[in-house]
A.B. asks: 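Dumping the structure here so I can ask a few things about it.
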Amino acid sequence: MNLSQNWIDIAYLIAAVLFVLGIKGLTKPKTAVRGNLLAATGMGVACVITLLHHDIVSYGTIIAGVVIGGVIGAVMAKKVQMTSMPQMVALLNGFGGGASFAVAAAEFYRGGYPDTVGIIAAGLAVLIGAVTLTGSLVAFAKLQELIDGKPLGFPGMKAVNAVLLLGSLLAIAVLVQNPGAHGIFWAMAVAALVLGVLLVIPIGGADMPVVISLLNAYSGVAASAAGFVMGNSALIITGSLVGASGLILTQIMCKAMNRSLTNVLFGVMAEGGSVMDQDEVYEGKIKSTSAEEVAMLLETAQRVVIVPGFGLAMAQAQHAVRDLADTLEAKGVEVEYAIHPVAGRMPGHMNVLLAEAEVSYDKLKDMDAINPTFEQTDVAIVLGANDVTNPMAREDKGSPIYGMPILNVDKARTVVVVKRSLSPGFAGLPNPLFAMDNTLMLFGDGKGAVVDINAALKEG
Amino acid sequence: MNLSQNWIDIAYLIAAVLFVLGIKGLTKPKTAVRGNLLAATGMGVACVITLLHHDIVSYGTIIAGVVIGGVIGAVMAKKVQMTSMPQMVALLNGFGGGASFAVAAAEFYRGGYPDTVGIIAAGLAVLIGAVTLTGSLVAFAKLQELIDGKPLGFPGMKAVNAVLLLGSLLAIAVLVQNPGAHGIFWAMAVAALVLGVLLVIPIGGADMPVVISLLNAYSGVAASAAGFVMGNSALIITGSLVGASGLILTQIMCKAMNRSLTNVLFGVMAEGGSVMDQDEVYEGKIKSTSAEEVAMLLETAQRVVIVPGFGLAMAQAQHAVRDLADTLEAKGVEVEYAIHPVAGRMPGHMNVLLAEAEVSYDKLKDMDAINPTFEQTDVAIVLGANDVTNPMAREDKGSPIYGMPILNVDKARTVVVVKRSLSPGFAGLPNPLFAMDNTLMLFGDGKGAVVDINAALKEG
Amino acid sequence: MDFVAQLTLFVLAIFLGVELITKVPPTLHTPLMSGSNAISGITLVGALIAAGSNDSVLVQVLGFIAVVLATINVVGGFMVTNRMLAMFKRK
Amino acid sequence: MDFVAQLTLFVLAIFLGVELITKVPPTLHTPLMSGSNAISGITLVGALIAAGSNDSVLVQVLGFIAVVLATINVVGGFMVTNRMLAMFKRK
Ligand SMILES: NC(=O)c1ccc[n+]([C@@H]2O[C@H](COP(=O)([O-])OP(=O)(O)OC[C@H]3O[C@@H](n4cnc5c(N)ncnc54)[C@H](OP(=O)(O)O)[C@@H]3O)[C@@H](O)[C@H]2O)c1
Ligand SMILES: NC(=O)c1ccc[n+]([C@@H]2O[C@H](COP(=O)([O-])OP(=O)(O)OC[C@H]3O[C@@H](n4cnc5c(N)ncnc54)[C@H](OP(=O)(O)O)[C@@H]3O)[C@@H](O)[C@H]2O)c1
């Protein structure tokens, strides 16, 4: 079929507008579903119109690819657990990067770039796409615990990375002079793939969300670069939107973790500060409690705040928590949730988990809204959260997390901390909260503990 | 001089980015001055690079034009009083429209449009530019009271407008077929100029700000259309930004006035509703007061809210008000200003006036912030405001302004209304506030009254 | 630049404009009006080309008029905006 | 479309993206991540052209790989986002 390029471009414009409207929809929970559908429609428009492109002569390969990819994608989307969202996003992101990589390579081999811009753009798309692909796969493997979450590395790694990056850029420069140098092209591609691995391997498992978000930005830029190669405005615009989105999310996370992007990328935890000795902090000050005791406390409470953290996701305790809240509310207790911006392992992670358990989103209060209310809170239940409640961030100038904004849980009349042990959270620091006078520790798996409390409450 | 088109286009892109950054700066008072300078720099970049354009061969006319225009513009900007901002904006806006009109006409005569798009764009630029020019001039004349502010018109006016508009569009269609039809071109231009006058003449003087804002949007669209003609991205982008800005401001005003844009444009005040009889509302219920009495009231007040309106601008009372507030604050009274979104005659009008008198902008509270505080306010001084305080908008479903959000001045312990008479404000409605038990009327010119109160306060 | 590319710019810029302008607080609406007014004087660019060309007298006259009007718009607009904003900044 | 026009689109879209994304509330950050991820699957467009062309086998193979990967990204991304958002909407 044949369609004038003008009409194709107008369809791409419509697709881009649909993407913009889609993202606009995502700014409010009420319109978010529609926003996502609008964006999906935009994708549909872009794809359908592309199929009418005059260069497309056979549909066999396309149909095969779309069916295979569609089935895999649909199954993944249906099966994945909400707690595994970070992994899922990492994987999808890697595929996106891989696609940009393959498209740019294909465009390169379709040949005929008289202009420098096209070759540079293709080279950049291959480079960024490849880094995104392997980088995201490593991030996925770390999150899924297929490989060790600890930072891995070897001496001179940074130098190797520098050589790989400079070599790739040099290769692009050579290709500009001599576009037929296929050997150079593939050497660059391999270098970029290796670079992706080496860049992410030295970063700690818990920092993966920042990495994913950054790689998401990269995948956008790669798509944009592919758009420059093909002269396709839909790719350019959409890629830029995604690039901006990834960058902003990265920034938000770094800010909430009180770390610079450079620190994350180079696996530095935070400069200076004598790390406190765990024994010294906890020695003789820990008060352990039981589910029954907690139930009794809750019995007389008027206001309870639940503080979910990464442990909630690990224990899959979201439904149990919801049940507990229902029981409490049936007894006339006011229940709210305190959501820290980096609780869990990706931005908004806790919101999604609790939404899955049908907790109404107006009960999810963000940090600034809930912090002033802890003083009027009878019981704060800290459920698998740790760093985001660590008062050292507020008080101890020497602490590596000093300055990170936290939930002021310690201001509540009683604090119940549910976790399996005294082991530290992601930041690896002891938490003086556990040793405070008004804190009770309930040791055990998050889900089990909550179920027990609920049972005790119903009996009592 | 000769410069490759690519570099010129990049400079235009830089200019567009500077405009965007400029508008971004305008989102905060702290960064607004810098924002304006950035935008001005963008304009400078665009102009300088244009002077290097290969089509420009002689600089005499340009220099003459820039010097004349620059001097006029500078003098206007220096001399204009803050109270006359609406007029100033109207005039500048008209000039912008006129410039687009002249540019599009010149482009048309420079000839050589093989393509339909160019002719349509030129036609639209002429049409919109001309309407903006004469429309803005009429708006200026009404605001400056050079012509009567009352809606003017004649039977069949709407039909004439329709004929002029359709005729102009038809003319553009003819020009597409036959670009050499100069007679048609000029006929269309004249029709558009007349149309601009006829569209604005029937609109009441007080509605002029809405008209100006809408015409501002038009001038943006005209610039954009001129950009399509010339293939100039700077014009297209910038024109769209201005168009969006004008449209949003228009919408904000209409919303705050509780009227639809159509109603404003067709001079309709609001459907239905029996207009209350003025005598019935005021009869025997008006309590007049004196400056001395008001001073005594203020003497014992702890919190005073000043509610400025159009009368403040008319009376040029901003400095006097500031002096009064200073006196009060020196006596330990808390003073705030209640700013209604459509107080005065253009959005943000009161803010600019009070800023001129060096009132700190954190004392200017918007409607939503100040309304809950009126109950804790001892004295509310309504200074030349009327409609924006009319409780009928809140209570009387039959009233033409029912539903317009208002300042809940009547909730204050005592309300002092400063105005010259009982005559109504812009909406032409009696205001039951004046007849309320806790309201005292201080009749007189706004400035004089405030000066008197201040003097009495200093003596007492 | 072809028509669709221009159209794309137009549409994107409108979206961007809407997002930017809705963030401007009411306090700054008057300066916003005069400032965006000044920006719409960007037609000066077109005016300069027309006025400086060696085209017919008509074109040059139209160009001259356009340069004068657009310059008033630009210079007057930015200056008066600056005057207003300077007042806001003082405190 | 010439290079500068492309660059202009790129820059405008980045500005627009920044303005849009900063308005997304933290509650929706996870769906935003997966949703923008799905949108970045727009490379599917390029993949389709490569896979459907009558170019060399290498190009078609690369195109096929790209179609599979991009489709997973698009379908998986939009579906999982929808799944999450539907949870938010229920109440
Ligand atoms: N959200 C993001 O976007 C993001 C991104 C990157 C990094 N981070 C970082 O991640 C951290 C998040 O803080 P957080 O307070 O949510 O978590 P955290 O500080 O990592 O602590 C999680 C706690 O959950 C407990 N836990 C684990 N499995 C559990 C189970 N099955 N049942 C009960 N408890 C369990 C752990 O203690 P036990 O082992 O004793 O049970 C641990 O103390 C922050 O340091 C943040 O900077 C967040
Ligand atoms: N701000 C905008 O963007 C905008 C745009 C279009 C329309 N409007 C409309 O304008 C109105 C604005 O409301 P508003 O309350 O500010 O004003 P208003 O309702 O128009 O009332 C102004 C009052 O000021 C008094 N006044 C006039 N000159 C005075 C002087 N020298 N000294 C003392 N008082 C004087 C007048 O009464 P006397 O004659 O008795 O003194 C009049 O009652 C609204 O109806 C609004 O919808 C506003």
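All chains are named by letter (A, B, ...) in the order of the sequence lines, taking the proteins before the strands, and each is independently numbered beginning at 1.
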A.B. asks: Only pairs of heavy atoms separated by less than 4.5 Å count here; which of A74(A), G35(A), A46(A) has the most with chain D?
C.D. replies: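 When all of A74(A), G35(A), A46(A) are compared, A74(A) has the most.
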A.B. asks: Could you tell me which portion of I42(D) (side chain, backbone, both or neither) has an atom closer than 4.5 angstrom to a non-hydrogen atom of chain A?
C.D. replies: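 For I42(D), backbone and side chain are both near chain A.
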A.B. asks: Top residue by heavy-atom pair count (under 4.5 Å) with chain D, among Q251(A), K28(A), M85(A), M76(A)?
C.D. replies: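 The residue among Q251(A), K28(A), M85(A), M76(A) with the greatest pair count is M85(A).
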A.B. asks: So which residue, L91(A), I23(A), L37(A), N93(A), ends up with the most heavy-atom pairs under 4.5 Å with chain D?
C.D. replies: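 Between L91(A), I23(A), L37(A), N93(A), the count favours N93(A).
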A.B. asks: Decide side chain to side chain contact (heavy atoms under 4.5 Å, CB included) for N37(D) and F95(A); before the verdict, give the C-alpha distance in whole Å, the side-chain angles of both, and the deciding distance to 0.1 Å.
C.D. replies: CA-CA 10 Å; N37(D) 206 319; F95(A) 292 163; over 6 Å; no
A.B. asks: When only pairs under 4.5 Å are counted, which of V75(A), I72(A), T238(A) shares the most heavy-atom pairs with chain D?
C.D. replies: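 Result: the option with the highest number of such pairs is T238(A).
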A.B. asks: Roughly how far apart are S40(D) OG and L92(A) CG, rounded to 0.5 Å?
C.D. replies: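 Output value for this atom pair is 9.0 Å.
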A.B. asks: Of the backbone (N, CA, C, O) and the side chain (C-beta and beyond), which part of V67(A) lies under 4.5 Å from a heavy atom of chain D, both, or neither?
C.D. replies: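 Contact with chain D involves no heavy atom of V67(A) at all.
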A.B. asks: For G41(D) and M43(A), which heavy atoms make the closest approach, and how far apart are they?
C.D. replies: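 Scanning both residues, the minimum pair turns out to be C-CE, 3.9 Å.
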A.B. asks: Does S36(D) reach the main-chain N or O of V242(A) with its side chain, forming a donor-acceptor pair under 3.5 Å?
C.D. replies: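 Looks like no, no N/O pair under 3.5 Å.
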A.B. asks: Side chain, backbone, both or neither: which part of K365(A) has a heavy atom under 4.5 Å from chain D?
C.D. replies: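 Neither part.
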A.B. asks: Can you tell me which portion of L26(A) sits under 4.5 Å from chain D's heavy atoms? Options are side chain, backbone, both or neither.
C.D. replies: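 Looking at L26(A), backbone and side chain both touch chain D.
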A.B. asks: Which heavy atom of A77(A) sits nearest to which heavy atom of M79(D), and what is that distance?
C.D. replies: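 Between these two residues, the closest heavy atoms are CB-CB, 3.5 Å.
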A.B. asks: Can N351(A) and L28(D) be said to form a side chain to side chain contact (heavy atoms under 4.5 Å, CB included), step by step?
C.D. replies: CA-CA 8 Å; N351(A) 304 75; L28(D) 292 174; over 6 Å; no
A.B. asks: For S224(A), is it the side chain, the backbone, both, or neither that has a heavy atom closer than 4.5 Å to a heavy atom of chain D?
C.D. replies: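 Looking at S224(A), just its side chain touches chain D.
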A.B. asks: Which value, rounded to the nearest 0.5 Å, describes the distance between I68(A) atom CD1 and L69(D) atom CG?
C.D. replies: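 Rounded to the nearest 0.5 Å, the CD1-CG separation comes to 11.0 Å.
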A.B. asks: Side-chain contact test, heavy atoms from C-beta onward, threshold under 4.5 Å: evaluate it for E358(A) versus M87(D) and give yes or no.
C.D. replies: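 Side-chain contact under 4.5 Å: no.
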A.B. asks: Using every non-hydrogen atom in the two residues, find where I21(D) and S245(A) come nearest and quote the distance to one decimal.
C.D. replies: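 Closest pair (atom of I21(D), atom of S245(A), distance): CD1-CB, 3.4 Å.
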A.B. asks: Using 30° and 60° as the class boundaries, would you call the ring planes of F228(A) and F3(D) parallel, tilted or perpendicular?
C.D. replies: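 Correct class here is tilted.
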A.B. asks: Taking atom CZ as the centre, does F78(D) end up with more than 12 heavy-atom neighbours from other residues, nucleotides or ligands that are less than 6.0 angstrom away?
C.D. replies: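 Yes, because the 6.0 Å sphere around CZ of F78(D) holds more than 12 heavy atoms from other groups.
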A.B. asks: Is F101(A) close to chain D through its backbone or its side chain, or both, or neither, when contacts mean heavy atoms under 4.5 Å?
C.D. replies: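 It is neither, since no heavy atom gets under 4.5 Å.
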A.B. asks: Measure distances from A64(A) to the heavy atoms of chain D and classify the residue's part below 4.5 Å as side chain, backbone, both or neither.
C.D. replies: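 Both parts, backbone and side chain.
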A.B. asks: What part of S56(D) is in contact with chain A, defined as an atom under 4.5 angstrom from a non-hydrogen atom: side chain, backbone, both or neither?
C.D. replies: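 S56(D) has no heavy atom closer than 4.5 Å to chain A.
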A.B. asks: Which one wins on heavy-atom pair count under 4.5 Å against chain A: V67(D), V11(D), T43(D)?
C.D. replies: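 Most heavy-atom pairs under 4.5 Å with chain A: T43(D).
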A.B. asks: If I measure from the heavy atoms of chain D, does D366(A) come under 4.5 Å with its side chain, its backbone, both, or neither?
C.D. replies: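 Answer is neither: D366(A) stays 4.5 Å or more from chain D.
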A.B. asks: Using non-hydrogen atoms only, which part of L44(D) is less than 4.5 Å away from chain A: side chain, backbone, both, or neither?
C.D. replies: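 L44(D) touches chain A through side-chain heavy atoms alone.
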A.B. asks: Side chain, backbone, both or neither: which part of V89(A) has an atom under 4.5 Å from a heavy atom of chain D?
C.D. replies: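 For V89(A), heavy atoms of backbone and side chain both lie under 4.5 Å from chain D.
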A.B. asks: One pair to check against side chain to side chain contact (heavy atoms under 4.5 Å, CB included): S34(D) and M88(A). What are the steps and the verdict?
C.D. replies: CA-CA 8 Å; S34(D) 62; M88(A) 171 85 175; over 6 Å; no
A.B. asks: Rounded to the nearest 0.5 Å, how far apart are OH of Y361(A) and OG1 of T27(D)?
C.D. replies: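 Output value for this atom pair is 9.0 Å.
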A.B. asks: Which one wins on heavy-atom pair count under 4.5 Å against chain D: L364(A), I248(A), L133(A), I252(A)?
C.D. replies: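 Most heavy-atom pairs under 4.5 Å with chain D: I248(A).
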A.B. asks: Indicate the atoms forming the closest heavy-atom contact of S58(A) with A51(D), along with that distance.
C.D. replies: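 Looking at all heavy atoms of both residues, the shortest contact is OG-O, 4.4 Å.
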A.B. asks: Considering only heavy atoms from C-beta outward, does the side chain of V80(A) approach that of R83(D) to under 4.5 Å?
C.D. replies: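 When only atoms from C-beta onward are counted, R83(D) and V80(A) do touch, with a gap below 4.5 Å.
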A.B. asks: Of the non-hydrogen atoms in V352(A) and P31(D), which two are nearest, and what is the gap between them?
C.D. replies: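 So the two residues come closest at CG2-CD, 3.9 Å.
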A.B. asks: Counting only heavy atoms not in K23(D) (residues, nucleotides, ligands), do more than 12 fall under 6.0 Å from its NZ?
C.D. replies: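 Atom NZ in K23(D) is crowded, with more than 12 foreign heavy atoms closer than 6.0 Å.
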A.B. asks: Should L241(A) and I14(D) be marked as a side chain to side chain contact (heavy atoms under 4.5 Å, CB included) after you check the CA-CA gap, both sets of side-chain angles, and the distance that decides it?
C.D. replies: CA-CA 6 Å; L241(A) 289 177; I14(D) 286 191; over 6 Å; no
A.B. asks: Heavy-atom distance under 4.5 Å between the side chains of S53(D) and V57(A), does that happen here?
C.D. replies: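 No - every pair of side-chain heavy atoms lies 4.5 Å or more apart.
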A.B. asks: Let me know if L247(A) has heavy atoms under 4.5 Å from chain D in its side chain, its backbone, both or neither.
C.D. replies: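 Neither the backbone nor the side chain of L247(A) comes within 4.5 Å of chain D.
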A.B. asks: Taking the side chain as C-beta and beyond, is there a heavy-atom pair between C47(A) and L48(D) under 4.5 Å?
C.D. replies: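 SC-SC contact between C47(A) and L48(D) confirmed.
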A.B. asks: Heavy-atom cut-off 4.5 Å, strictly under: side chain, backbone, both or neither for L20(D) against chain A?
C.D. replies: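 Interface part for L20(D): both.
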A.B. asks: Which bit of P86(A) is near chain D, if near means a heavy-atom gap under 4.5 Å: side chain, backbone, both or neither?
C.D. replies: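 For P86(A), neither part sits under 4.5 Å from chain D.
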A.B. asks: So for A38(D), is it side chain, backbone, both, or neither that comes closer than 4.5 Å to the heavy atoms of chain A?
C.D. replies: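 Contact with chain A involves the backbone of A38(D) alone.
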A.B. asks: What are the two closest non-hydrogen atoms of G70(A) and V75(D), and how far apart are they?
C.D. replies: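 That would be O-CG1, 3.6 Å.
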A.B. asks: Highest number of heavy-atom pairs under 4.5 Å with chain D: which of H349(A), K24(A), M346(A)?
C.D. replies: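 Answer, by heavy-atom pair count under 4.5 Å with chain D: M346(A).
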A.B. asks: Between V74(D) and chain A, which part of the residue has a heavy atom less than 4.5 Å away: side chain, backbone, both or neither?
C.D. replies: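 For V74(D), the contact with chain A is made by the side chain alone.
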A.B. asks: What part of M350(A) gets within 4.5 angstrom of chain D, counting heavy atoms only: side chain, backbone, both, or neither?
C.D. replies: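 The answer is neither part of M350(A).
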